[in-house]
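A short worksheet on the structure shown next.
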Amino acid sequence: MTEASILLCRACLALLAMPIYLLSFLGIWEPFCRKIFSPFVLEKLSAIHERKTKQQKQELFRNLPDFTGPSGELKLLEIGTGYGANFQFYPPGCKVTCTDINPNFQQGLSRNMNKNQHIHYERFLVAAGEDLHQVPSGSVDAVICTLVLCSVHSVNGTLKEVLRVLRPGGAFYFLEHVAADPSSWKYFWQQICCPTWKLVFAGCCLTRALWKDLEEANFSELNVRHISVALPWTPIQPHIIGYAVK
């Protein structure tokens with residue numbers, strides 16, 4: 001499809017979402033989104049996504065104990081913890097540091113903490129993925145990041161921080177939605193939806209080729225698979241899943 005077709009479709013979608021664009025122009029949408037919309041909607045969406053990816057996550061996190069540090073403890077850091085949807089997959093006794101740029105997930109996070117008392121919660125940090133200065137270098141065995149790299153300001157900056165906080169031989173686990181094949185209709189619709197989707201969903205970008213960022217990062221080993229998650233009528237079906245070793 002031509003660039004003109006994409007721009008025309010984007011304009012039509014923006015008209016439909018005009019109230020949100022107006023609220024954004026007035027400076028109302030962002031605080032509303034952060035405090036009310038995102039915590040409510042993302043909890044519902046994450047529950048759906050969780051059902052669709054449960055088996056893949058079980059397989060992904062199965063080898064987490066293999067990265068237990070020399071101390072005998074498995075120390076995990078999760079970027080963009082949200083409501084803690086991944087807690088159920090972590091091995092018993094591991095120590096988890098939770099981080100998120102949005103502190104308004106605390107109520108749902110507390111519920112998941114109470115459900116998953118097989119793990120030890122170290123602390124919760126309000127921090128962006130690009131700035132984990134509160135976490136000492138080389139202090140964690142594994143970093144987990146699911147559905148987060150789509151919305152960070154800098155993917156490369158986040159991956160640099162991941163490598164910094166990981167100990168040598170530590171692992172970075174990821175499950176992220178990504179850009180579709182550029183020749184596909186899915187990619188066409190991603191291009192149309194991207195500006196409005198990004199506004200509505202707190203900076204979430206639909207067209208990031210995140211596997212390329214991972215390939216260019218300084219990991220010693222990269223295990224990545226492209227999968228499709230059954231999320232009909234959404235532009236976020238293409239995903240990548242895997243882990244990388246420092």
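The chain is numbered in sequence order, starting from 1. All values reported here derive from a predicted model rather than from experimental measurement.
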### Query
Do the non-hydrogen side-chain atoms of C193 and L206 ever get within less than 4.5 Å of each other?
yes
### Task
Could you name each residue pair satisfying salt bridge (charged side-chain N to carboxylate O under 4.0 Å, His left out) that touches residues 190-203, not counting sequence neighbours?
none
### Message
For I6, is there any backbone N or O sitting under 3.5 Å from a side-chain donor or acceptor partner on Q191?
### Response
no
Under 3.5 Å, side-chain donor or acceptor atoms of residues 87-95 against the rest of the protein: list the pairs with distances, not counting sequence neighbours.
from, atom 1, to, atom 2, distance (Å)
Q88, NE2, E50, OE2, 3.4
Q88, NE2, A85, O, 3.4
Y90, OH, E78, OE1, 2.7
K95, NZ, E73, OE2, 3.0

### Query
After noting the C-alpha distance and the side-chain angles of V155 and E216, does the key distance pass the side-chain contact (heavy atoms from CB on, under 4.5 Å) rule?
CA-CA 11 Å; V155 176; E216 293 169 2; over 6 Å; no
#### Entry: Single-linkage hydrophobic cluster, 4.5 Å side-chain cutoff, F124 and I101 together
no
### Message
Checking side-chain polar atoms at under 3.5 Å, does T146 have a donor or acceptor matched by the opposite partner on Y173?
### Response
no
### Query
Checking side-chain contact (heavy atoms from CB on, under 4.5 Å) for the pair L214/I240: CA distance, chi angles, key distance, verdict?
CA-CA 11 Å; L214 286 162; I240 56 170; 3.8 Å; yes
### Query
Between H49 and L147, is any pair of side-chain heavy atoms under 4.5 Å apart?
yes
### Task
Report yes if the side chains of D181 and K186 come closer than 4.5 Å at any heavy-atom pair, otherwise no.
no
### Task
Would you kindly confirm whether W29 and L26 end up in one hydrophobic cluster when ILVMFWY residues are joined by side chain heavy atoms under 4.5 Å apart?
yes
### Message
Counting only heavy atoms from other residues, nucleotides and ligands, does the tally under 6.0 Å from CD of E221 exceed 12?
### Response
yes
### Pair R62 + E59, salt bridge at N-O below 4.0 Å
no
### Query
Quick one: does V140's side chain get under 4.5 Å of L166's, heavy atoms only?
yes
### Message
Counting C-beta onward and ignoring hydrogens, is there a side-chain heavy-atom pair between M18 and L15 closer than 4.5 Å?
### Response
yes
### L76/L64 under side-chain contact (heavy atoms from CB on, under 4.5 Å): CA gap, chis, key distance, verdict
CA-CA 9 Å; L76 308 181; L64 259 176; 3.9 Å; yes
### Query
Are the side chains of T81 and V96 in touch, meaning some heavy atoms are under 4.5 Å apart?
no
### Task
Using the test side-chain hydrogen bond (donor to acceptor under 3.5 Å, both in side chains), find all partners of R167 that sit at least two apart in sequence or belong to another chain.
D141
### Query
Should the pair F174 and F172 be assigned to parallel (<30°), tilted (30 to 60°) or perpendicular (>60°) ring geometry?
tilted
### Task
Flag yes if L125 and L109 sit in one hydrophobic cluster, no otherwise; membership is Ile, Leu, Val, Met, Phe, Trp, Tyr, and two members link when side-chain heavy atoms are under 4.5 Å apart.
no
### Task
Answer yes or no: does atom NZ of K75 have more than 12 heavy-atom neighbours from other residues, nucleotides or ligands under 6.0 Å?
no
### Query
Which pair of heavy atoms, one from D100 and one from G82, lies closest together, and at what distance?
OD2-N, 2.8 Å
### For A127 against L132, the heavy-atom pair lying closest together
CB-CD2, 4.2 Å
#### Entry: H118 NE2: over 12 foreign heavy atoms closer than 6.0 Å
yes
### Query
Between L22 and I20, is there a shared hydrophobic cluster once you connect ILVMFWY residues whose side-chain heavy atoms come closer than 4.5 Å?
yes
### Message
Do I144 and V148 land in one hydrophobic cluster if side-chain heavy atoms of ILVMFWY residues count as linked below 4.5 Å?
### Response
no
### Query
Is a side-chain donor or acceptor of R10 paired with a backbone partner of P195 at a separation under 3.5 angstrom?
no
### Task
Step through the shown structure and confirm whether more than 12 heavy atoms of other residues, nucleotides or ligands are within 6.0 Å of CD on E30.
no
#### Entry: Side chain to side chain, H177 and C150, heavy atoms closer than 4.5 Å
yes
### S24 to L199 - nearest heavy-atom pair and separation
OG-CD1, 3.6 Å
#### Entry: Non-hydrogen side-chain atoms of V143 and E161 separated by less than 4.5 Å
no
### Message
Any side-chain to backbone donor/acceptor pair from K246 onto G170? Under 3.5 Å, distance only.
### Response
no
